Every structure is written in structure tokens, then in C-alpha cells.
Amino acid sequence: MNYLNLTDIKQNCRLDANFIEDDNLLEILGDSAEAFLEAHLNMSLDSIAADNGGELPKNLYHALLMLV
């Protein structure tokens with residue numbers, strides 16, 4: 001995952017931060033969400049972030065969380 005982080009994913013999914021058994025799955029889902037959004041936008045997230053001071057716009061970050 002280049003933009004999502006495990007802490008935000010767990011908070012969004014209402015998961016206990018100390019429960020680590022599903023961390024690998026959550027990371028796979030995060031990677032998949034980022035790849036899906038890039039394909040849907042037909043644009044790399046890196047280029048979008050570069051145009052926005054190195055960060056994704058909040059609406060795209062939220063979309064990634066929703067995809068997970």
C-alpha cells in the first residue's frame with residue numbers, strides 16, 4: 001500500500017487496533033483498492049498525489065477506504 005495505512009483501514013472497518021491476525025488480508029485489500037482506483041481513473045495515484053503536494057485529495061483517500 002502506497003497511500004492507505006493499516007491504522008486508518010482498521011478504524012474505518014471498526015476493527016480493534018491490537019487484533020493483528022487479519023493484517024495481511026487488510027494489506028492485500030488495501031493494495032487491491034489502490035490498483036482498482038488507478039484503473040478506474042486511468043491515472044496513477046502517484047501522479048494525482050504529485051499534483052496535490054504529495055498527498056491524495058481527501059475524497060480519493062476516503063474512496064480507497066470505502067473500497068476496502
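Just so it is clear, the structure is predicted and the values come from calculations on it, not from any experiment. Note that the numbering runs from 1 along the sequence shown for the chain.
- Going from atom CD of Glu27 over to atom CG of Leu4 covers 11.0 Å, rounded to the nearest 0.5 Å.
- Between Gly30 and Val68, the shortest heavy-atom contact is CA-CG2, 3.9 Å.
- Going from atom CG of Leu65 over to atom CG of Leu60 covers 11.5 Å, rounded to the nearest 0.5 Å.
- Between Leu37 and Leu45, some side-chain heavy-atom pair lies under the 4.5 Å cut-off.
- Annotation: the span from Leu67 atom CG to His62 atom NE2 amounts to 10.0 Å, rounded to 0.5 Å.
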Practice item. Apply side chain to side chain contact (heavy atoms under 4.5 Å, CB included) to the pair Leu41 and Ile48, showing each step before the final yes or no. Key: CA-CA 10 Å; Leu41 296 173; Ile48 294 170; 3.7 Å; yes
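- Listed by first and then second residue, the salt bridge (charged side-chain N to carboxylate O under 4.0 Å, His left out) pairs involving residues 3-18 are Lys10-Asp23 (not counting sequence neighbours).
- Inter-residue side-chain proximity for Asp46 and Tyr3 is flagged as met; some heavy-atom pair is nearer than 4.5 Å.
- Between the CD1 atom of Ile9 and the CG atom of Leu25 there is a distance of 10.0 Å, given to the nearest 0.5 Å.
- Leu15 CG to Ile20 CD1: the interatomic distance, rounded to the nearest 0.5 Å, is 13.0 Å.
- Rounding to the nearest 0.5 angstrom, the gap separating the CG atom in Asp31 from the CG atom in Leu64 is 11.0 Å.
- Looking at Glu38 and Met43, their side chains never come closer than 4.5 Å, going by heavy atoms from C-beta outward.
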